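Each remark here refers to the structure printed beneath this line.
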There are 2 protein chains.
Amino acid sequence: MDRRVTKKDDDTSGKERPTLKTLAFMTGLGVTTVSRALKDAPEIGAETRRRVQLVAKQIGYRPNRAGVRLRTGKTNVISLVLDTEREIMSFVSDIIYGVTEVIADTPYHLIVTPYSRSQDPLDPVRYLVETGSADGVIISRTQPNDPRARYMLERGIPFATHGRTDMGLVHPYHDFDNYAFAGEAVRALAAKGRNRLALVTPPVGLTYYGHTVNGFADALSEVGASEVPFNTVSIDHTIEQIRMRTAQLMRRDDRPDGIVSSAAAATLAIVAGIEDAGLKLGRDVDVVSKQSSELLHLFRRELLVVNENFRLAGSELARAVLGWIGGAEPGTLQSLSKPSEVLPYRG
Amino acid sequence: MDRRVTKKDDDTSGKERPTLKTLAFMTGLGVTTVSRALKDAPEIGAETRRRVQLVAKQIGYRPNRAGVRLRTGKTNVISLVLDTEREIMSFVSDIIYGVTEVIADTPYHLIVTPYSRSQDPLDPVRYLVETGSADGVIISRTQPNDPRARYMLERGIPFATHGRTDMGLVHPYHDFDNYAFAGEAVRALAAKGRNRLALVTPPVGLTYYGHTVNGFADALSEVGASEVPFNTVSIDHTIEQIRMRTAQLMRRDDRPDGIVSSAAAATLAIVAGIEDAGLKLGRDVDVVSKQSSELLHLFRRELLVVNENFRLAGSELARAVLGWIGGAEPGTLQSLSKPSEVLPYRG
DNA sequence: CCAATATACTGAAACGTTACAGATTGCCAA
DNA sequence: TTGGCAATCTGTAACGTTTCAGTATATTGG
């Protein structure tokens, strides 16, 4: 299956996609000159440069990605690596849109590289690096000691992590300040007179688990409240598990009067559990929850919410990777997003 | 920036990624032979074939995508084209996972091609086709007379649509039977004694708008219920708009006693609007809603739900596109997914 | 006026792959 | 023995791009 039409050499025809050769023929120059003129090389005369660029624009020339990639190794691809089973839904959607927003006016494409619970999270990253499938990688579910980040640093491939690491290594990241979130949540609950608080944590093992737990603990002692341990669930658990265990917890004598939840879906289950136990949100217990879309207040007005913007995260991560690819210092490509205030329902 | 190391010709070295040349050197054969041996060409001796494949596996040879693409035009890419502003969140997430599930053990990569409200939806498709960026395309938000489908049919590029068209043209699709959904919803409401029903429709202009409206209308006359027109909103409207207009509707004397909603997020707003008007779900009015994740029953137990599986849609769409690429008849690559029963809350 | 040098451009080679058109060998029928 | 042919294998060219190592022409300095 050879795609060639008939032509042997120069294409004066009209239908085929224009290449450098087409441009060379049209301008009467060599392909080398055309190639350089298009990238503003200094050794090309100013007028020639303009002329070539004009013609290129007129006929809608676009460099052939395969040609560039084969010759230079540059893929013009950013890969987003996702856990297909545990990633938060709105996270996937929003982060993709955030990334595409940033790369929209660049030659970059976004490819989604999935992996599942059963695989080593390093697998997809190794694949990308070994096959040279991407110029930059974005990973999530970052761990304090993250083998993927370490691996990519060793191999020298630009990447950015959603969430920080804690390995003494410098790399671009974007993170939400979960320490601050947990602290604000605790203070908001304390302000409502709640002083026996439970925390539904992020997945154990991820960096922001630690941040959240620490923010929670520090604020507890700051406001003089006590913790009701609730370590049997995290937001990675199923709705049913969270619901059931919350109900169990709320039936105990020493039940909490305030709960902090790290994810919106978990919050739905928590509230269901609370109500299963015959208690009423806002009266017997208050709940502060992170959310990434403004839906929780439709669910129960009594909820207190803090917003996390995943689309922003996507944009920041894309900017970071592109920055690194462009030669910026990894250390300058780190950002931390502050939580909003704790918001009650308003009209 | 030339990536070459030092070598001029044969690479007996170890570090570089193996190519056909590496394999040729190791096996003592020519690159042509190696190339054909790897794709089980009949004119290669059986033993040679096995030998080459063994060595290839041992050293972890993987064809260079840029080489293949440049030579053959085959990209091994499927592109998913998404509206970055109006697509349902869980749709994006689930459909991506559904697609990646199917292409996981193929050489295909998934790229996400976004477009926004301000652009012509044809733009991204045109880009993909003109630049030959993908072997297959998946589009959503399908219209009865869809210029994108027409364009791709003309250009002969394999694609599949989420939702059907109605142009008398044959192409692969996957669709949810929204006619049946609306009908089931109406019948379920009628069974609860509701007979003044309103419909919150899909976006006007999309094919499944028509299906839904027809299913609704046909079932209405079947059960002898009447319609309360509610054409001022669709599920594309904002939460606030839907909520406000639902509240307005529910304050009228001729308010409906049953509502059918085509999307979960809209349902949250509808319920909020109902309650804004001082009415109670399950007593004054019943609501049947489609949902794609099992969350609505946590929201209000009184809701009646019908499940739509977007992950399945993603898988089916991927299978359809791959099938077409593989030479199957487009007409055989169409599937319609039946709605679940209308489900009340249970325990 | 000549040589040196800067300016503007160019052909060939290479990236890894596949298709085409041979090339080599062994075997069989005539 | 020879011609033919099947079975295997191979070199070359081409896909579109960029880089290297030039070449040709004009400009400058002495």
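Only a predicted model underlies this, so the values are computations on that prediction, with no experimental measurement involved. The figures that follow rest on heavy atoms only: side chains count, while hydrogens, waters and symmetry mates do not. Just so we're on the same page: letters track the sequence lines, and every chain starts at 1.
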Atom-to-atom span, CZ of A:Arg69 to C1' of C:dT17 - whole angstrom: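 In whole Å, C:dT17 C1' and A:Arg69 CZ are 13 Å from each other.
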Can you tell me the distance, in whole Å, between the CG atom of B:Leu70 and the P atom of C:dG16? 12 Å
Show which side-chain atoms of residues 315-330 of chain A pair as donor or acceptor with protein atoms under 3.5 Å away, not counting sequence neighbours.
| from | atom 1 | to | atom 2 | distance (Å) |
| --- | --- | --- | --- | --- |
| A:Ser315 | OG | A:Gly98 | O | 3.1 |
| A:Ser315 | OG | A:Arg311 | O | 3.3 |
| A:Glu316 | OE1 | A:Ser335 | OG | 3.3 |

Touch check for [X], heavy atoms < 4.0 angstrom, all strands: base, sugar-phosphate only, or nothing?
X: A:Gly28; result: sugar-phosphate
X: B:Arg65; result: nothing
X: B:Gly67; result: base

Using only heavy-atom distances, determine whether the side chains of A:Arg69 and B:Asn64 contain a donor-acceptor pair under 3.5 Å. no
Under 3.5 Å, is there a donor-acceptor pair linking the side chains of B:Glu87 and B:Ser140?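 B:Ser140 and B:Glu87 do have a side-chain donor-acceptor pair below 3.5 Å.
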Within a radius of less than 6.0 Å around CD of B:Glu43, do more than 12 heavy atoms belonging to other residues, nucleotides or ligands occur?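 It does: B:Glu43 CD has more than 12 such atoms within range.
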Close approaches to DNA chain D from residues 38-53 of chain B, in residue order (heavy atom, under 4.0 Å): B:Glu43, B:Ile44, B:Gly45, B:Thr48
Does the distance from a Lys or Arg side-chain N to an Asp or Glu carboxylate O, for A:Glu130 and B:Arg17, drop under 4.0 Å?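 No.
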Phosphate OP1/OP2 of C:dT10 contacted by A:Thr33 side-chain N/O (<4.0 Å): yes
Using a cut-off of strictly less than 4.0 Å, decide whether B:Thr72 has a side-chain nitrogen or oxygen near OP1 or OP2 of C:dT18.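 For C:dT18, OP1/OP2 do not have a side-chain N/O of B:Thr72 under 4.0 Å.
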Within the structure provided, determine whether A:Tyr108 and A:Val77 are in side-chain contact (heavy-atom separation under 4.5 Å).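 The answer is no, as the side chains (C-beta and beyond) never meet within the 4.5 Å cut-off.
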